[in-house]
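Any value given below was found using the heavy atoms of this structure, including those in side chains, with hydrogens, waters and symmetry copies removed. Chain A is the first sequence line, chain B the second, and so forth, proteins listed ahead of strands; every chain is numbered from 1. Treat the numbers as computed from the prediction; the structure is a model and nothing was measured.
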2 protein chains.
Amino acid sequence: MRLTTRGRYAVTAMLDLALNNESGPISLADISHRQEISLSYLEQLFAKLRQNNLVSSVRGPGGGYCLARSSDAISVAEIIDAVNESIDATSCSGKGNCHNGDICLTHHLWDDLSRQIHRFLSGISLDSLVHQQDVQVVMLRQSDQADANSGCAKV
Amino acid sequence: MRLTTRGRYAVTAMLDLALNNESGPISLADISHRQEISLSYLEQLFAKLRQNNLVSSVRGPGGGYCLARSSDAISVAEIIDAVNESIDATSCSGKGNCHNGDICLTHHLWDDLSRQIHRFLSGISLDSLVHQQDVQVVMLRQSDQADANSGCAKV
DNA sequence: AAGTAACCTACTAAATTAGTATGTTATTTA
DNA sequence: TAAATAACATACTAATTTAGTAGGTTACTT
């Protein structure tokens, strides 16, 4: 099953977008600084997020990315699905041909697990994450650090 | 997060053990044939399963492996934990130092997810799998094939 | 004594992921 | 209109992990 740095990066970046939603488009350079993710890698991830209609983009100076929908209409599952192919624990990608064309001994187990994980992550919207206290605290800390690093006074 | 062929192989092999439990120790060669898993790879997996007290072994001719406990006292989560290091979706292995020594934006999310998966897989015992109808059906099919391949008459 | 099957270790191959490098194109601002 | 910005695109490399192989040794049964 694929649930790795890529999915984590994508969710983190999308959450960063959601947290800074009011201030217009957010550039990947900003996210890259705040979340310490390689800019070029972010670009690759956002290409997929855009293809999946999770973000919209504005080119040119002052441009960047916005959420394509309101943050309560975007689930963590969608984000991970967009950058990985899927969250699927079966070896046959759900096809059921894992053992000589038939299902293997444990097919249903992994199928159930996949469904379970998907249901869990589908139930978590970006909006619900934004309102979690620890997320707020971490975001505050990060913007402090970003200010310090940029040499700008804190507003 | 690690949830891959290794964990699937381990659970499949343990389930094979559970299904053939009455007939004394089961050799890895048998499991290798039935489940189409490389013998040498199985040996590596069973080294870990043994270290984690999930199976016991009998050496020499007629030897093999048995479940170390009754099948209703062994959960899928334990098996996966034994062969992978853990089912942990955080990038910091739960340590909480994922972003400059502090937790990252999404630490709690992955922590929750890990707990969710673990709870789900902890609730599934080998015994409960043995009694699932589809498992029985697949097992029957497999032993038919094994008999056919071995050139032995079906008893 | 011979055969079996666990046990052990080191190595190789394949696949995947993470990250880099180098552009081009659209848009804004001076 | 030129310069700067930031998205968009593609190809490549490095690192890591997983899967699988190979070669043995040891314990036990027949």
Side-chain angles (χ1 to χ4, degrees), chain A residues 1-10 12-13 17 20 23-33 35-68 80 83-89 91 93 98, chain B residues 1-10 12-13 17 20 23-33 35-68 80 83-89 91 93 98:
Chain A
M1 184 174 65
R2 263 158 255 155
L3 189 48
T4 164
T5 311
R6 189 149 82 218
R8 275 196 294 266
Y9 278 176
T12 302
L17 265 195
N20 297 284
S23 23
I26 306 291
S27 74
L28 293 188
D30 284 356
I31 299 180
S32 173
H33 285 137
Q35 307 303 336
E36 300 187 322
I37 305 172
S38 137
L39 175 59
S40 206
Y41 201 47
L42 273 179
E43 287 176 337
Q44 293 171 48
L45 297 179
F46 271 75
K48 297 198 175 190
L49 294 173
R50 209 173 69 95
Q51 283 161 28
N52 285 270
N53 293 313
L54 292 173
V55 294
S56 59
S57 62
V58 179
R59 297 178 78 151
Y65 286 92
C66 305
L67 297 181
I80 293 177
V83 294
N84 288 331
E85 285 110 55
S86 69
I87 16 184
D88 180 7
S91 62
S93 310
C98 13
Chain B
M1 183 172 68
R2 266 159 253 155
L3 189 47
T4 163
T5 311
R6 188 150 82 219
R8 275 195 295 264
Y9 278 176
T12 301
L17 266 194
N20 297 285
S23 25
I26 307 291
S27 73
L28 294 189
D30 285 356
I31 300 181
S32 172
H33 285 136
Q35 307 306 333
E36 301 187 321
I37 305 171
S38 137
L39 174 59
S40 205
Y41 201 46
L42 273 178
E43 287 177 337
Q44 293 171 48
L45 296 179
F46 272 75
K48 297 197 176 192
L49 294 172
R50 209 172 69 93
Q51 284 161 27
N52 285 269
N53 294 312
L54 292 173
V55 295
S56 59
S57 61
V58 179
R59 299 178 76 154
Y65 286 93
C66 306
L67 297 181
I80 294 178
V83 294
N84 286 331
E85 284 110 54
S86 70
I87 14 183
D88 180 8
S91 60
S93 310
C98 14

_Between P on dC8(D) and CG on Leu42(A), what's the gap in Å once rounded to a whole number?_
13 Å

_Separation between CD of Gln35(A) and CG of Asp30(A), rounded to the nearest 0.5 Å_ = 11.0 Å

*asked:* Using the side-chain heavy atoms of Arg50(B), tell me which of these nucleotides is nearest: dC8(C), dA19(D), dG3(C).
replied: dC8(C)

*Counting only distance, no hydrogens or angles, is the base of dT26(D) paired donor-acceptor with the side chain of Arg59(B) under 3.5 Å?*
yes

*Is a side-chain donor or acceptor of Arg8(A) paired with a backbone partner of Ala89(B) at a separation under 3.5 angstrom?*
yes

*Are any of Ser40(B)'s side-chain N or O atoms less than 4.0 Å away from OP1 or OP2 of dA22(D)?*
no

*Interatomic distance, Leu45(A) CG vs dC8(D) C1' [rounded to whole Å]*: 14 Å

*Separation of dA6(D) P from His33(A) NE2 (nearest whole Å)*: 11 Å

*For Ser57(B) and Gly64(B), indicate whether the former's side chain and the latter's backbone hold a donor-acceptor pair under 3.5 Å.*
no

_What is the distance, to the nearest angstrom, from the CG atom on Leu39(A) to the C1' atom on dC8(D)?_
12 Å

*What about Gln44(A), does its side chain sit under 3.5 Å from the base of dT20(C) through a donor-acceptor pair?*
yes

*asked:* If you assign Ile26(B) and Ser38(A) each to the DNA chain C nucleotide with the nearest heavy atom, which residue ends up on the more 5' nucleotide?
replied: Ile26(B)

*State whether Tyr41(A) places a side-chain N or O below 4.0 Å from either non-bridging phosphate oxygen (OP1 or OP2) of dG19(C).*
no

*Under 4.0 Å between any heavy atoms, over every strand shown, what does Phe46(B) touch: base, sugar-phosphate, or nothing? Just pick one.*
nothing

*At under 4.0 Å, does any side-chain N or O of Thr5(B) touch on OP1 or OP2 of dA19(D)?*
yes

_Shortest side-chain distance from Pro61(A), nucleotide among dT18(D), dA4(D), dG19(C)_ = dA4(D)

*Counting distance only, does the side-chain N/O of Arg6(B) pair as donor-acceptor with the main-chain N or O of Val83(B) below 3.5 Å?*
yes

*Can you tell me the distance, in whole Å, between the NZ atom of Lys48(B) and the C1' atom of dA6(C)?*
18 Å

_From OG1 (Thr5(A)) to OH (Tyr41(A)), nearest 0.5 Å_ = 7.0 Å

_Distance in angstrom units between Arg8(B) CZ and dT18(D) C1', rounded_ = 12 Å

*To the nearest Å, how far apart are Glu43(B) CD and dT26(D) P?*
16 Å

*Could you check how far CG of Leu28(B) sits from C1' of dT4(C), rounded to whole Å?*
13 Å

_Phosphate-side-chain proximity, Tyr9(A) and dT17(C), N/O vs OP1/OP2 below 4.0 Å_ = no

*Within the pair Ser57(B) and dA5(C), is there a side-chain N or O less than 4.0 Å away from OP1 or OP2?*
no

